[in-house]
Amino acid sequence: DAKRNNKGKYAFYNPRIIQGLRKRLELEMDLRHAVKRNEFTLYYQPQIDLRTGAIAGCEALIRWVHPVRGVISPAVFIPLAEELGLIEEIGQWVLNTACRQTKAWNDQGFPFNISVNLSPRQLFQENLLSLVESALKESGLQPERLQLEITETAGADLFVMSQKLLAIEALGVRISIDDFGTGYNSLNYLKQLPLSQLKIDPSFIRGDHHDQQDVALVRMIVALAAELNLQVVAEGVESADHVRFLKQTHCALAQGYLFARPLGAEQLIEQLGAIRQRTSEIIIPETQ
Ligand code: C2E
Ligand code: MG
Ligand code: MG
Ligand code: MG
């Protein structure tokens with residue numbers, strides 16, 4: 001129809017759009033080779049126990065170090081990888097690398113847990129269970145150390161999802177729901193899936209804490225989690241004020257720039273002393 005034709009013409013003759021398309025095509029081609037060319041790396045962001053100030057674990061966050069463009073955020077290339085059918089390969093690399101690194105840390109005397117993000121498409125991947133099994137087996141990591149983070153997906157079949165997750169849970173691996181509270185179906189996820197942990201989306205943490213509604217919502221999420229026997233992690237914690245608020249609500253774990261940014265594996269260990277020092281100044285351990 002005419003409208004569509006006009007749109008097409010506009011797109012065709014607009015140099016900025018063409019440039020945009022070319023950039024995207026280049027990015028696509030580069031992404032297809034990135035795994036083999038070893039261009040991915042994992043960063044690790046500590047998760048802090050709000051009662052003791054100890055580092056309980058880390059979340060693995062992927063980075064693409066593009067040879068020309070430098071570091072590219074997963075927010076940019078993960079959706080592209082999903083679209084191109086590359087997420088399975090990337091996801092497998094992430095899982096193997098994160099398990100191997102964490103096992104090495106555990107052997108060196110750092111008792112960290114590890115959280116690995118799964119994208120929606122990976123959840124419906126045929127061989128997900130065997131990938132998780134082989135990552136554990138090859139690395140020798142204790143299954144209890146591994147946590148998989150899932151997010152809500154529009155239209156996902158929760159029954160199929162729960163079957164898959166139950167099989168993974170049977171290995172000893174725990175399941176966490178990321179960005180909790182932002183989806184349209186959050187309560188059904190809680191009801192139907194074998195979850196161990198819930199991550200409160202930053203939008204709830206960064207709100208105005210003098211605003212009754214934000215306070216009430218975070219309190220409700222923490223209470224709901226306690227009722228369902230789920231561990232709670234607050235994400236995007238950026239200020240001492242956030243920590244004070246979270247301690248009041250009895251949230252167990254916190255993750256955010258206030259404690260540490262995501263760091264490369266070596267950097268994390270180098271900066272561990274400094275992170276622990278900073279953390280102990282923010283969190284005064286409870287005496288019971
Ligand atoms: P996410 O899983 O919700 O990860 C939290 C994001 O918040 C990370 O962004 C982290 O760097 C950022 N963040 C942490 N603390 C703070 C803070 O205090 N303030 C602010 N402003 N941001 C903070 P990142 O690393 O860019 O990752 C973005 C998203 O990309 C992740 O969101 C996750 O959905 C996805 N992602 C990252 N790594 C992987 C991966 O290995 N596989 C898959 N499938 N997705 C991944
Ligand atoms: Mg996550
Ligand atoms: Mg999140
Ligand atoms: Mg997310």
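- The neighbour count for Gln108 CD, taken as heavy atoms of other residues, nucleotides or ligands under 6.0 Å away, is above 12.
- Heavy atoms from other residues, nucleotides or ligands lying under 6.0 Å from CD of Glu227 number 12 at most.
- Taking the side chain as every heavy atom from C-beta outward, Ile282 and Ile48 never approach each other to under 4.5 Å.
- Relative ring orientation between Phe40 and Trp93 is described as tilted, the plane-to-plane angle lying within the 30° to 60° band.
- Within a 6.0 Å sphere centred on CZ of Phe159, other residues, nucleotides and ligands contribute 12 heavy atoms or fewer.
- Contact of the Glu235 side chain with the Ile205 side chain is not registered, since no non-hydrogen atoms from C-beta on lie closer than 4.5 Å.
- Using a cut-off of 4.0 Å between Lys/Arg side-chain N and Asp/Glu carboxylate O, Glu26 and Arg22 are scored as not salt-bridged.
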Go through the steps to decide whether Ser176 and Gln197 satisfy the test side-chain hydrogen bond (donor to acceptor under 3.5 Å, both in side chains), and finish with yes or no.
-> CA-CA 4 Å; Ser176 173; Gln197 187 188 71; 2.7 Å; yes
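- Shown here is Asp107, whose CG atom has more than 12 heavy atoms of other residues, nucleotides or ligands within 6.0 Å.
- Of the possible donor and acceptor atoms, one in the side chain of Asp157 sits under 3.5 Å from a partner among the backbone N and O of Val160.
- Scanning all heavy atoms of the two residues, the minimum distance from Gln192 to Ser162 falls at O-CB, 3.4 Å.
- Contact between Gln122 and Leu128 at its shortest, heavy atoms only, is O-CD2, 3.7 Å.
- Counted by atom type alone, Gln47 and Gln255 present one or more donor-acceptor pairs between their side chains at under 3.5 Å.
- Between Met161 and Ala156, the shortest heavy-atom contact is SD-CB, 4.1 Å.
- Rounding to the nearest 0.5 angstrom, the gap separating the CG atom in Leu268 from the CD atom in Glu266 is 11.0 Å.
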Tell me, with the steps shown, if Ser196 and Gln231 meet side-chain hydrogen bond (donor to acceptor under 3.5 Å, both in side chains).
-> CA-CA 6 Å; Ser196 301; Gln231 184 182 55; over 6 Å; no
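- At a threshold of 4.5 Å between non-hydrogen side-chain atoms, the residues Ile72 and Leu27 count as touching.
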